[in-house]
*Asks:* 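Quick one: structure below, then a few questions.
A quick note: this is a predicted structure, and the numbers were derived from the prediction, not measured. Both backbone and side-chain heavy atoms feed into the values below; hydrogens, waters and symmetry mates do not.
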Amino acid sequence: MAGLRVVEFGHYLAGPLTGVLLADQGADVLTVVPPTGSGLDPATTAILRRGKRVRSADLRDRDARAAVRDRVERADVVIENFRPGVMDRLGFGYEQVAATNPAVIYLSLPGFSRHDDRAAMPGWEGVIAAACGFYTDLSLPGAVLDAPPTYTALPLPSIYAGVHGAIAVAAAVFARLRHGAGDRIEVPLLDAAMSAAAGLVYRVRDQPDRYNMPPAPRRLLDLLSDIRLPRSLSRTPPGRWSARSTAWLGELTDRLSPPLFANYRCADDRYLFLCAMDNEKHIARLLDVTGLAATAADLGFVQGNCLDVPPSHRNINAYRGTSPRWMRLRRALSRVFATRPAMEWERRLTEAGVPAAVQRSTTEWIEHTLATASGIVRHIDDRAEPGVTVDLSAAARGLPAFAPGPPRPHPRTPWLHGITVLDLSNVIAGPSCARTLAEFGADIIQVAPTAPRMGPRQTLHFGLEVNAGKRGIAVDLTTDAGRRILHELTARSDVLAHNCLPRQAARLGFDPVTAHGINDRLITVAVTAFGGPATDIHDDLPGYDPTLQAATGIMTRYGGTHTPALHGLASCVDYVTGYSGAYAAILGLIARARGARHIHARTSLARLATWVQLPFLNAHGPQPSGLDARGTGPTDRIYRARDGWLFLSAGRPDAPTPADLAAMIEKMTVTDAIDHARSRGWAAHRVVNARTMRRLATTVSPPDPSAPLRSGQVRIAAHPSGLRYWVPVASWVRSDLTPRHELAPAPHPGQHTDEILTALGYSDTAIADLHCHGIVTDRWFDGDAYLPD
C-alpha cells in the first residue's frame, strides 16, 4: 500500500486500529488527534500510532479544520469513528469531502449504524458487548444454564471493527484500481461484534443431539437453563463469590466440556487445555502419547469413521456424550496428565501433532519464545507490541501510483467481481476467510477431501454458516489424478487459501512453490496457528481457537488463574483470524494489480489472539477476571435490575454516582434504569442473550445489507436440505455504492464436483471414471440429509 494516502480521525481503538493495519502495509497515514489525547494508556497509544504521522488538532476550531482540510481533499482514504452526524457538523462528512474529492474511499466506524435508533448513544465497548450476547453466552454456564452475566474486558467489538474496516478499505482500493471510483463505507461496531457473535447466535433448529453442547436433548438443556442456583450468585458483590461457589461453577464447566476438549491439572499444578475432539488423527495420536489406547478399548471404544454414519455411540472419533464411558475416559486422562508437568505434556503432544496448550497468563505469553522468536510480539523500549497481522512476500515488478484518474461513475458491481478463490480450509478461520471474499463478490470453489478425517461438527455443522456462498468439489489429493485436478483449478484461479500445516500443503500439492510454478499470478494465503511475520519456524505447530486462548492468556484472563475458562467458541480468535486472512488475500490482489507476482500471504491465530488483548499487553495491576466479574468499576459495569440485566457506562471512572446505585437499580425495571442512566448523559443497554436474539429473528430471506438496516440483527436462514438455522445478518460492512453479494446456502462437500470438472473440460466418461475410482465424489454419505444424526 505504499503511496496510499490516508487521513484518520480516530479515537479509542477501532479507527486507529484500521489505520495501523493500513500503515503496517505501507500506507501513508496521518492521524488527527484531539489535544486531550487518545484516552488510552501511553503504551497502547504508541502501538496504535506506529508508522503514522500525528497531528494534534481541535476540530472545533476553524483554523485547525482549515489546516487539515487540504490533506483530506488529497486523501485516497478517510477514516472516522465518531457517532453519526459528528463529522458532518465538523465539515468533514462524506458528502462534504466527496464534493471536492469524488474518488475518496470514506470509512465510518460508529457504534451503531446511522440507520439505527440507538445511533446517538455512545457506542462504548461495554455497551456494544451487552447488545450482542458477549456477557451471557461466551461462558459455558451462561450459554447452557442462563447463569448470571460475566463481564469480559477483551475489546472484541473494536478489534473486529478495526479489522473489518481494513478489509473494506482494501477491497475498495482494489476496486478503485480497476474502475477509478470511490466509495462510502460504514462498519458499525455492533455489526462487527455480530460477526464474532455468530458462534453464540448460530444454531440449527431441531438439530440432532450430537451437535448440542453438551450433546444432550434440547428439552433437557432448556430445563437446565431454568435452574435457580446460579441466579442466587448474582446477589453476591462482584469479585466476592465464595471459593465454594467459584469451584462449583468451575467443576460444572468441566463436566459440561467433552473429555477431549477440556482442561486437565498436571503434576506441577498447572492446567493443560486439550483440543482433540472429533478428529481421527488427533485422537489416535493422543491415545498413543498418553498410552491409553488399551484403556480406551477396555472402556468399549472403537476407532470408527468420524462421520459415524450410522450412529454407533461407541465411536471415540464421534463424541456424543451419552455414555458413562466418556466420564471414565476423562478420569483416565486426568490420572495420566497428573503424572507429568504441563509444559512437558504440551511439548510431547504438539510434537505428535495433537493440539494442546498450557494455560498461560498474558504476561507469560508476551515473553514466550513462541511469541518473540516469530515476531508475533515485539519488545520496543519498555513496551510489548503485536507484530503485523499479515505479512506478504512477492516478486515485485514496479508500483504504479494509486491516483484514480478522472472521476468516473461507480459501476455498482461487487468489489471482487470476477475473482476466483480456491478454498482448501476447514473448521472456522479458513472457511470464514473465503466466505468473506464471497460476500465481496468472489467466486469460491471449496475443495474438500473425499473421505473426511474430521467430524461433522467442525465440517458440516459449522459449515452451514461459514461455507455459504461457495461451490464444492471433493477430490482425493493423495492421488496423482486428484492433484492434477487441483493444479488445473490452480491455473485458473486468483487466490488459493488454506489452513493446512506447511508439510501437508507440500504433500498435497498446493504449497507456494508448487502453486506459483503453475500460476505465477496466484495469491496463496496461509492461515496458521502459531506462525509469525519474522520466521516460519512455528508454522507447523497444530492449534485451534481454544488452544490459542489457553496459550496466550485469554482463558486465564476470562475465568481466572485457578479456573481458566473458554472465552466463547470461535467468537474470540477464529473468526477474526479468518477475516485477517481475507485482508491478506485482498492485499495480495492489490499487490498483483501493482505489478507483483509469486505472492504469498500469511496470518495466524496467535497474531490475532495477541491483538484482541491489546489494552492488556502492557497493563499493570489487577484486571477484572473470573465468572463473577461484572465490570471495571461502579460506572462501567453490569447491574441487575428487577426484570433483567443492563450494562451502564458513564464514560469516565470519576463520574458522580450514588453510593447505593446497585441497590437503586435493583428496584427498577431495566427500561427505567436505562432511561435514568441516559437522562444523566450516560450510556446504558440491556444485556441481551443469544436466546433473545434468536427469538426476535423474523427475517427468512437475506435482507440487502446495503439497505438502511438496524444494527445487530439475526435472521432465520433456510437450507435446501430442509434445515433452518439462525445466523447474524451479514451487515458488518455496508457500502452506499457497492452491492453485497447474496450468498447461496452452503453446499454439500462435493455437491458441484461434476459441474466444476465439466468446466475444466472433462468429458462425462472421464468424470464417471474418476467417481468409479474414488478420485472424486459428490457427497460424503448417502441420503438427502446435510447433517448426519
*Asks:* May I ask you to test the R642-M668 pair for a side-chain heavy-atom distance under 4.5 Å?
*Replies:* no
*Asks:* Any chance the side chains of W124 and D636 put a donor and an acceptor closer than 3.5 Å?
*Replies:* no
*Asks:* So does T561 get a backbone contact from the side chain of T556, meaning a donor-acceptor N/O pair under 3.5 Å?
*Replies:* no
*Asks:* Under the side-chain contact (heavy atoms from CB on, under 4.5 Å) test against F462, which residue among N467, L569, D574 passes?
*Replies:* L569
*Asks:* Tell me if the aromatic rings of Y202 and H461 count as close, with their centers under 6.0 Å from one another.
*Replies:* yes
*Asks:* Determine the minimum heavy-atom distance between M121 and A684, stating which atoms define it.
*Replies:* SD-O, 3.3 Å
*Asks:* Under 4.5 Å between any side-chain heavy atoms of F9 and V7, yes or no?
*Replies:* yes
*Asks:* Does the T44 side chain pair with the main chain of L40, one donor and one acceptor, at a distance under 3.5 Å?
*Replies:* no
*Asks:* Has the side chain of R607 got a donor or acceptor atom that lies under 3.5 Å from a matching backbone atom of I376?
*Replies:* no
*Asks:* Could you tell me whether the side chain of L437 reaches within less than 4.5 Å of the side chain of I586, counting heavy atoms only?
*Replies:* yes
*Asks:* Find the distance between CZ (R83) and OG (S108) and round it off to the nearest 0.5 Å.
*Replies:* 14.5 Å
*Asks:* Is there a donor-acceptor pair under 3.5 Å between the side chain of E465 and the backbone N or O of S432?
*Replies:* no
*Asks:* Look at the rings of H567 and Y558 and say which category their plane angle falls in: under 30° parallel, 30 to 60° tilted, over 60° perpendicular.
*Replies:* perpendicular
*Asks:* State whether the side chain of D137 and the backbone N or O of A690 hold a donor-acceptor pair below 3.5 Å, judged by distance alone.
*Replies:* yes
*Asks:* I need the minimum non-hydrogen distance between P634 and L661, along with the two atoms involved.
*Replies:* O-CD2, 4.0 Å
*Asks:* Could you tell me which non-hydrogen atom of P546 sits nearest to which non-hydrogen atom of L566, and how far apart they are?
*Replies:* CB-CD1, 3.8 Å
*Asks:* May I ask you to establish whether R557 and F616 are in a cation-pi arrangement, using a distance under 6.0 Å from NZ or CZ to the six-membered ring centre and at most 45° from the ring axis?
*Replies:* yes
*Asks:* Side chains of S158 and L189: does their closest heavy-atom pair fall under 4.5 Å?
*Replies:* yes
*Asks:* What's the spacing between T389 OG1 and L21 CG if we round to 0.5 Å?
*Replies:* 5.0 Å
*Asks:* Is a side-chain donor or acceptor of S580 paired with a backbone partner of V576 at a separation under 3.5 angstrom?
*Replies:* no
*Asks:* Are side-chain N/O atoms of W732 and S195 paired as donor and acceptor at under 3.5 Å?
*Replies:* no
*Asks:* Looking only at atom types and distance, does a side-chain atom of R734 sit under 3.5 Å from a main-chain N or O of S731, one as donor and one as acceptor?
*Replies:* yes
*Asks:* If I take atom CG from residue L17 and atom CG from residue N81, how far apart are they, to the nearest 0.5 angstrom?
*Replies:* 10.5 Å
*Asks:* Could you tell me the separation between the CD atom of Q613 and the CH2 atom of W365, rounded to the nearest 0.5 Å?
*Replies:* 9.5 Å
*Asks:* In this structure, which one of Y639, F134, Y135 forms a ring-ring contact (aromatic ring centres under 6.0 Å, His included) with F647?
*Replies:* Y135
*Asks:* Could you pull out the closest heavy-atom pair between W611 and G387, with the gap in Å?
*Replies:* NE1-O, 3.0 Å
*Asks:* Donor-acceptor check, side chain of E186 to backbone of R114, threshold 3.5 angstrom: yes or no?
*Replies:* yes
*Asks:* Does H685 reach the side chain of I674, with side-chain heavy atoms less than 4.5 Å apart?
*Replies:* no
*Asks:* Side chains of L605 and T547: does their closest heavy-atom pair fall under 4.5 Å?
*Replies:* no
*Asks:* Under the side chain to side chain contact (heavy atoms under 4.5 Å, CB included) criterion, do T563 and L627 qualify, and how do the steps go?
*Replies:* CA-CA 9 Å; T563 53; L627 296 182; 6.0 Å; no
*Asks:* Is a side-chain N or O of R630 found less than 3.5 angstrom from the main chain of P149, in a donor-acceptor match?
*Replies:* yes
*Asks:* Take I47 and V20 through the side chain to side chain contact (heavy atoms under 4.5 Å, CB included) test and state the conclusion after the steps.
*Replies:* CA-CA 8 Å; I47 294 167; V20 82; 5.8 Å; no
*Asks:* Do V714 and V729 have side chains that get closer than 4.5 Å, going by heavy atoms?
*Replies:* no
*Asks:* Would D24 and R50 satisfy side chain to side chain contact (heavy atoms under 4.5 Å, CB included), going step by step from the backbone distance to the final call?
*Replies:* CA-CA 8 Å; D24 280 347; R50 75 181 183 201; 2.8 Å; yes
*Asks:* Quick one: CZ on R205 to CZ on R694, what's the gap to the nearest 0.5 Å?
*Replies:* 11.0 Å
*Asks:* If we ignore angles and hydrogens, is there a donor and acceptor under 3.5 Å between the side chains of N689 and T692?
*Replies:* yes
*Asks:* Run the side chain to side chain contact (heavy atoms under 4.5 Å, CB included) check on H11 and F82 step by step: do they pass?
*Replies:* CA-CA 8 Å; H11 62 282; F82 294 98; 3.6 Å; yes
*Asks:* Between S113 (side chain) and H115 (backbone), is there a donor-acceptor pair under 3.5 Å?
*Replies:* yes
*Asks:* Less than 4.5 Å apart, side chain to side chain, heavy atoms only: is that true for D628 and T150?
*Replies:* no
*Asks:* How long is the span from the OG atom in S711 to the CD1 atom in I128, to the nearest 0.5 Å?
*Replies:* 7.5 Å
*Asks:* Which heavy-atom pair separates L138 from S571 by the least distance, and what is that distance?
*Replies:* CD2-CB, 4.2 Å
*Asks:* Quick check: closest heavy atoms across L200 and G133, and the distance to 0.1 Å?
*Replies:* CD1-O, 3.6 Å
*Asks:* Between V169, V78, D183, which is the residue that forms a side-chain contact (heavy atoms from CB on, under 4.5 Å) with L107?
*Replies:* V169
